[in-house]
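To start, the structure under review is shown below, and the notes come after it.
Since the model is a prediction, treat every value here as computed from it, not as a measurement. Every chain is numbered from 1, with letters handed out A, B, ... down the list of sequences.
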Amino acid sequence: MENIGKIISIYFKRIFKNPGLILLWLCFPFVLVLLQYAAFGPKDSGTGLPKIDLVIIDNDKSFVSQGLFQIFQRDPLIKYFKTEYVENESKMIKLFERNRASAAIIIPKDLQSDLLDGKKIIIQFIKNPSFYFTPLIAEESFKILINMANRFLAYAQDSLQLMKKYRNRDFEPTEDEVAAISRSWYKASHKVMKINSLNDVKAEMVVEKENKIESTSEGSSTQIFFSTFFPGLIFFSLTFLAIELQQIIFRDKRYGIMKRLLTTPVSRDTVIAGYSSFIYIILVVYAGISFLIGALLLNIRSKNPVHTIISLLGFCLFCMGLAKIIYAQSKSEKAAGSIAPAIFMIVNLIGGGLFPVSFYPESIQGIAKFSPLGIANVAIVDSLTRGSSISEMGIYLGGTWIWGLLIAITGYLLERRGLKSL
Amino acid sequence: MNWFKIALNDMHLTLKAKGALFWTFAAPIILISFFGVMFKAPIAENLSVVIENHDKNENFAKSFAILLAEDKINIVKDAKKNQFSKIVIPENTTESIIAGKKINVELRVQKEEDFIDRLILFKLQNALMSLIMSIEPEQLRSKLTTEELKKLVTISPQIILEEKDMSRNIIKIPYGFQRTVPQYMIMFLLLVLFTHSAAQLVTERITGQMRRLFMAPVASWEIVAGKIFSRITWSILQMLFIIIVGIVLFHIKWGNSPSALFLILVIFAIASSAMGIYFSTFFNNPSKCGGLGSLVIMIMCALGGCWWPLDLVPQYMRYAAFIFPTGWALDGVIKIMSFGYSASGIYWHILYLLAISAIFVPLAARGLLKAKDTG
């Protein structure tokens, strides 16, 4: 045990002489999570999307056309849209090119008179060809607005017909005729005003998993955002840090330091245990410091600290083991240096190192959730966001440790065999 | 032609490095395949839902089905468990509406953040509004046939919303593979230059290889030119590979102007190669150079729009994309692909990248020449 401690302290002294690389890896998760937050963090609109920029080309410039789009300046649409009036299509294209507009609406000339005449009106909708999501959302929102207008026009047909009839006459309408128009408008507006009942009749989205309703999808708090994205990025950094640390050991083997160490009366197992403990401690301390800084800077709080610690310890074991396997099987530092990042990149991609597994399509999620990184990620994200009980998370916590132990033991056996041949 | 020989030798060495080969050719294809599938374009056509009616009276559910079908939503009757999202009409809906009580029509989905479900929710809200506007609460109780309900809730629209294509030739909306291929092409080009390639230069400098090279009977400018040229050529090879794989495997439409595409990518390769070389001159440790290089690339690519579609991010992030060459290059490529532009349509992009090249090529050359004395 004393010898193990000595080997650990030697490696620690060496790493503290040149800690730049570890500090660099410590920056990774914070830089990336802040970038992701800037891109996908909670938005004012509450839709999960930024405000949609909508261009309006009003060729009619009438009371009706301006009134129709006043609605975009009011609640609730003002929360979702930012409108800009432009004069022509070439200005619209300029805004599209600068990524400053998602879609455009072209109001035809004679909108107002055609409305009164009961003629069909075609409003053109143009999507920015370099965007995908926001034009679709804009289209659906606008469809609701048009539907509302169409229904109002359908109910107001009687009054519109009367107005058209009286407008084309040479003399003013009588009091009875004005009253008839007013009655007809009242009936139409009464039907339209029924949309106020929508305050009572609502449509909302809920997530249903295994017949259990979980939560609504209306936005996500900053804390939940960080708690969901941050662990994957820590895991991402841990995997690459494990490679860097294992590389130090590999160089010691290559430059004969390990050989000299093995000539001393210290067993092979002690040597392996010594430097493996060093790697493991660094990984655990790194993860701990990252979460501590995360708690201070990003307000990440664990709802089940025991589960957080168990999953972290298990995953560090996996990282250490996998780096060992790769380096034990590699003949040169170059070969290991090329294969290790490739393997770790695949582990990260499948397990949700860069994006949470919950963002993946259903078909990939099944595999992702039980991959080494994915299973640990599910366990740790749950411990930070929900804090489920051991009975619910046992499979993920156990899975993290099964992966960790399996890979670490394999790594140890391969490394032991490698040291024998020195 | 010594510079050409030096460039060829550099390329030969890179070809021998398995790591460089992996990150140049294999890794982009792995990532493109993965994220292309992950972010495949959700098909907004053929949307399907199941209606689960718990209300005793069927008029509400029937009207809903009519209105949703009008909005081109397919109402599935015999679906497997959890196959489609579900609209759940709660118990006593009719009675609650008549009594003016609150009710919630739920759209039950299997997964949060699904864009298709958000579209269905919009259509659901639209149908709900139509229903409320067109039917009197008491009518929900009466016995009405489907035809009678249809007559009640549907209207002949006077205003029609028509989608118009832009006058220019839109090639394809940049989503799924159509977006991930150019995104990762740009990201991996930089990744190789800022990590492997830069670290290789650091190694050559700290091991004295560079100084020995400068002692050879070759003009200094030829060494510098060879080093820069090899990196530019390698980048062009990488891009050609990804373009061809994109066409063959992912059926990418690269736009109407191959010359504009080639032009912007070559200028980007020159700018990036020079930046990569200049970046390497700040380090004496290849691992640190590679590590910090990865971090720099990640920031440049994430902000430049190589990680996510720019319409999903706030306006200030869209502006931030144009701080870096990644944003200009990707936007230029997307303009060629989606707007069908030629070189004249992306002249600002070309000018920006030329300016970056004009700044960094001399800096890179100066950095390499320094190795003459220090390396």
Check whether Asp71(B) reaches the backbone of Ile73(B) with its side chain - one donor and one acceptor, N or O, closer than 3.5 Å. no

Identify which part of Trp348(B) has an atom lying under 4.5 Å from any heavy atom of chain A, answering side chain, backbone, both or neither. neither

Mark yes or no for whether Glu106(B), through its side chain, and Val88(B), through its backbone, hold a donor-acceptor pair below 3.5 Å. no

With a sphere of 6.0 Å drawn around CG of Leu24(A), does it hold more than 12 non-hydrogen atoms of other residues, nucleotides or ligands? yes

Which bit of Leu32(A) is near chain B, if near means a heavy-atom gap under 4.5 Å: side chain, backbone, both or neither? side chain

Main chain of Lys119(A), side chain of Asp114(A): is a donor-acceptor contact present, judged purely on distance under 3.5 Å? no

Which atoms of Lys143(A) are under 4.5 Å from chain B, going by heavy atoms: the side chain, the backbone, both sets, or neither? both

Structural part of Gln36(A) lying under 4.5 Å from a heavy atom of chain B: both

If I measure from the heavy atoms of chain A, does Thr154(B) come under 4.5 Å with its side chain, its backbone, both, or neither? backbone

Closer than 3.5 angstrom, by distance alone: can the side chain of Trp328(B) be matched with the main-chain N or O of Phe322(B) as a donor-acceptor pair? yes

Using non-hydrogen atoms only, which part of Asp53(A) is less than 4.5 Å away from chain B: side chain, backbone, both, or neither? side chain

May I ask you to name which of Ile30(B), Ile299(B), Leu292(B) has the most heavy-atom pairs under 4.5 Å with chain A? Leu292(B)

Residue Leu67(B) versus chain A: region with a heavy atom under 4.5 Å: side chain

Taking every non-hydrogen pair under 4.5 Å, which of Asn99(A), Ile346(A), Leu111(A), Ile146(A) racks up the most with chain B? Asn99(A)

Of the listed residues (Pro157(B), Ala320(B), Gly290(B), Ala302(B)), which shares the most heavy-atom pairs with chain A below a 4.5 Å separation? Pro157(B)

For atom NZ of Lys288(B), is the number of surrounding heavy atoms from other residues, nucleotides or ligands below 6.0 Å larger than 12? yes

Can you see whether Asp311(B) engages Ser102(A) through a side-chain donor-acceptor pair at a distance of less than 3.5 angstrom? no

What part of Ser294(B) gets within 4.5 angstrom of chain A, counting heavy atoms only: side chain, backbone, both, or neither? both

Given heavy-atom pairs under 4.5 angstrom as the criterion, report whether the side chain, backbone, both or neither of Gln158(B) touches chain A. both

Specify which of Ala104(A), Ser141(A), Pro108(A), Ala154(A) makes the most heavy-atom pairs with chain B at under 4.5 Å. Ser141(A)

Pair count under 4.5 Å, heavy atoms only, with chain B: among Glu244(A), Gln157(A), Glu140(A), highest is Glu140(A)

Applying side-chain contact (heavy atoms from CB on, under 4.5 Å) to Ala321(B) and not counting sequence neighbours gives Leu310(B)

Per-residue contact mode, Tyr155(A) against chain B (heavy atom under 4.5 angstrom): side chain

Neighbour count >12 (heavy atoms, 6.0 Å) for atom NZ, Lys120(A): yes

Between Lys335(B) and chain A, which part of the residue has a heavy atom less than 4.5 Å away: side chain, backbone, both or neither? side chain

What pairs with Ala199(B) under side-chain contact (heavy atoms from CB on, under 4.5 Å), at least two apart in sequence or on another chain? Pro286(B)

